[in-house]
Protein chains: 2
Amino acid sequence: MSDSTDKRRRPLTLRDVSEAAGVSEMTVSRVLRNRGDVSEATRQKVLEAARRLGYVPNKIAGALASQTVNLVAVIVPSLSNLVFPEVLAGISEVLDETPLQPVIGVTQYQPEREERVLYEMLSWRPSGVIVAGLEHTEAARAMLKAADMPIVEIMDSDGEGVDSVVGISHRRAGRMMGEAIVENGYRRIAFLGSKMPLDHRARKRFEGFTEALAKAGIEVADREFYEGGSGLVKGREMTETVLRRTPDLDFLYYSNDLIGAGGLLWCLEQGIDVPGQVGLAGFNGLRLLDGLPKKLATMDACRAEIGREAARIVVERAHGVRIELEPRLEPGDTLIRPRGA
Amino acid sequence: MSDSTDKRRRPLTLRDVSEAAGVSEMTVSRVLRNRGDVSEATRQKVLEAARRLGYVPNKIAGALASQTVNLVAVIVPSLSNLVFPEVLAGISEVLDETPLQPVIGVTQYQPEREERVLYEMLSWRPSGVIVAGLEHTEAARAMLKAADMPIVEIMDSDGEGVDSVVGISHRRAGRMMGEAIVENGYRRIAFLGSKMPLDHRARKRFEGFTEALAKAGIEVADREFYEGGSGLVKGREMTETVLRRTPDLDFLYYSNDLIGAGGLLWCLEQGIDVPGQVGLAGFNGLRLLDGLPKKLATMDACRAEIGREAARIVVERAHGVRIELEPRLEPGDTLIRPRGA
DNA sequence: TTGAAAGCGCTAACAA
DNA sequence: TTGTTAGCGCTTTCAA
């Protein structure tokens, strides 16, 4: 009676397996970690006992004793952005070949949240940290500097990192797109992006973009910023707003593909000739949207590649590595004007 | 010289703070956890010392000593599916108000991977497990049963769970959509979905769907399955294929909104009257796609709500709870035929 | 090939 | 309000 009421209150320990198998805890530990020499006979005995009891090792105790944790902290601003899951996929791809495991933290683009998440994660003493962006609170930067493990700041290479850095230059990406737009003869150019002052990468793209225009003696003819989650609807609305306000625009540069796609759909619906009348470009190279009526010009941000490289650095316990990847311009159907247009 | 070379090899411990602040380790521990009565004076002393040294507590040791871990294991098939980040958002929303933190594991729809991820996570002795789906390997189910913590299986309520279950009935969702389609007078109906034999929820929707049609004496007129990541392109291709093969179809039911959107775009491009000539419906209620030329009929899967309820169960340490949410049919513009059509 | 002892860094429980 | 003691469940190290 009492037997069944208090069944499995105390979680199983190594000792339970040790007793069930009739060997020392140490031997059980060795078998379960495939370490050291254990005779095949005892090995089987232990394995069988562990399986029968349903024993799951306690990594907390193991980590404390061995002073090693196979966790890699990965800190990103958002998961709904579509971009970050791709980075995570790149990271997993590499870590899957190793004993390391990613642990994901989300900051929602808030520096204080990032600081808290980082603190939480560091308190588990991971084997490395991969964090999006170069901008952190002072305290966060101090923690990263003090942490005795590989730190990789990803996505952005415009600035100084704490340890290793893997990313693209968003300033340069913006500049490249600006140049391509100018080269294609557009002159009345608008920028449509998020209002988020904390999306530093979008900001840097905007800076590089205006810089490129300035070199050609052009100023941004109009700009529009939105708040709240992106999406096709936002793109439509912004596009309508900006084209109403400045009807002679001949190019719209969007800070991401999703709002760009919304804009594209709106233009096509309105019977606007794209790119004859108005050219369009986004950013990110989302394959997801490939099936739109026209392929939006965009720039690939090398997301999976960034994830893979960052993971490699952690796996190799490297420090001070700096990898700047090359963003690729994908002109699609909305940038290059047909001859004679 | 040697001072600077071996700086900060040994991570800081409570003892370092204790010495720096001139109080016992226990007092430092109390301050850092806001526990027990500590005079404001010592409190400040400790805080200042901890901050100056850059001390980050070791949760591994803490967890081992206190036998509590404020981690909640969350296991999902994929992050690129768009659906799961929304569930995670619901979970975070609730956990944010508590000391609990979600830790995410991804299985890629592979049962063996799920088993491994689960084993890894359980070995950290989390405060609860939230796992997508009711289908698991036998070993995984055994682990879940043996684990002495709240277990919540989410997304699906068609079947028995190990402990708590929060989800919708996908069979019912498929049936509801099938009924709505029949009621609207469609008779030549096709199903377009993923080939994944392991996407049990899509399978159940299909089953409920055919069941509803059967009740009306209708059989699925054609079906098409795809492999590989979804996306607009896949939807276009499948739609073309199926309409070529069976030109007299008057309705296409897609297993998710993204391929449905691709199909919608293709139909509109071809000058097909939607829903006059062909009606369309997807599944999920992705707000992301709201800006399409027409609003695709779909069914909301209550993703955020599912996340919130699951998190609540873990927070309340509840067991054996069963919550079946009501999927909502969103007819959009592609299901209800205009009068006289 | 196996086992015994010591201790990882912290906190529960109790004492002062 | 503060300190002391004794582990938490495992692994490292050394001995047999």
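Here the structure is a predicted model, which is why all the values come from computation and not from measurement. In what follows, every chain begins at residue 1, and chains take the letters A, B, ... in the order their sequences are listed.
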Considering only distance and modelled atom types, tabulate donor-acceptor pairs under 3.5 Å from the side chains of residues 72-86 of chain B, sequence neighbours left out.
{"unit_1": "B:Ser78", "atom_1": "OG", "unit_2": "B:Ser80", "atom_2": "N", "d": "3.1"}
{"unit_1": "B:Ser78", "atom_1": "OG", "unit_2": "B:Ser80", "atom_2": "OG", "d": "3.3"}
{"unit_1": "B:Ser78", "atom_1": "OG", "unit_2": "B:Asn81", "atom_2": "N", "d": "3.2"}
{"unit_1": "B:Asn81", "atom_1": "ND2", "unit_2": "B:Tyr109", "atom_2": "OH", "d": "3.0"}
{"unit_1": "B:Glu86", "atom_1": "OE1", "unit_2": "B:Arg303", "atom_2": "NE", "d": "3.1"}
{"unit_1": "B:Glu86", "atom_1": "OE1", "unit_2": "B:Arg303", "atom_2": "NH2", "d": "2.9"}
{"unit_1": "B:Glu86", "atom_1": "OE2", "unit_2": "B:Arg303", "atom_2": "NE", "d": "3.4"}
{"unit_1": "B:Glu86", "atom_1": "OE2", "unit_2": "B:Arg303", "atom_2": "NH2", "d": "3.3"}

Q: Would you mind listing every side chain to side chain donor-acceptor pair (under 3.5 Å) that reaches into residues 94-107 of chain A, with sequence neighbours excluded?
A: A:Asp96-B:Arg113

Q | Positional range of nucleotides in DNA chain D within the contact set of chain B, heavy-atom, under 4.0 Å | A | D:dT1 to D:dG9

Q) Tell me, which of residues 34-50 of chain B have any heavy atom that sits under 4.0 Å from an atom in DNA chain C? A) none

Q: Supply the atom-to-atom distance A:Ile313 CD1 to A:Ile323 CD1, rounded to the nearest 0.5 angstrom.
A: 4.5 Å

Q: Calculate, to the nearest 0.5 Å, the distance between atoms CD1 and CE belonging to B:Ile306 and B:Met155 respectively.
A: 5.0 Å

Q: Rounded to the nearest angstrom, tell me the gap between atom CD in A:Gln67 and atom C1' in C:dG9.
A: 8 Å

Q: Find the distance B:Asn70:CG to C:dT11:C1' and express it as a whole number of Å.
A: 14 Å

Going by side chain to side chain donor-acceptor pair (under 3.5 Å), name the residues that satisfy it together with [X], two or more places apart in sequence or in a different chain.
X	answer
A:Asp158	A:Ser169
A:Arg141	none
B:Lys59	A:Glu120

Q: Using the salt bridge (Lys or Arg N to Asp or Glu O under 4.0 Å) rule, collect all pairs that involve residues 31-44 of chain B, keeping only residues at least two apart or in two chains.
A: B:Glu40-B:Arg43

Q | All pairs passing salt bridge (Lys or Arg N to Asp or Glu O under 4.0 Å) where residues 123-140 of chain B contributes a residue, at least two apart | A | B:Glu135-B:Lys204

Q: Return no unless some side-chain N or O of B:Tyr55 is found under 4.0 Å from OP1 or OP2 of C:dC10.
A: yes

Q. Just to confirm, is there a sub-4.0 Å distance from OP1 or OP2 of C:dT1 to any side-chain nitrogen or oxygen of A:Arg30?
A. no

Q) What residues in residues 13-29 of chain B put a non-hydrogen atom under 4.0 Å from any atom of DNA chain D? A) B:Val23, B:Ser24, B:Met26, B:Thr27

Q: Only counting residues at least two apart or in another chain, list the ones meeting salt bridge (charged side-chain N to carboxylate O under 4.0 Å, His left out) with A:Glu112.
A: none

Q. Can you list the steps and then say if A:Arg10 with B:Asp148 is a salt bridge (charged side-chain N to carboxylate O under 4.0 Å, His left out)?
A. CA-CA 9 Å; A:Arg10 183 178 58 76; B:Asp148 186 26; over 6 Å; no

Q: May I ask you to decide whether A:Arg312 forms a salt bridge with A:Glu316, counting only side-chain N to carboxylate O separations under 4.0 Å?
A: no

Q | Residue whose nearest DNA chain D nucleotide is more 5′ - B:Ala61 or A:Arg33 | A | B:Ala61

Q. Can a donor-acceptor pair be found between the side chains of B:Glu114 and B:His136 at a distance below 3.5 Å?
A. yes

Q) So how far off straight is the helix from C:dT1-D:dA16 to C:dA16-D:dT1, going by the axes through five pairs at either end, to 10°? A) 30°

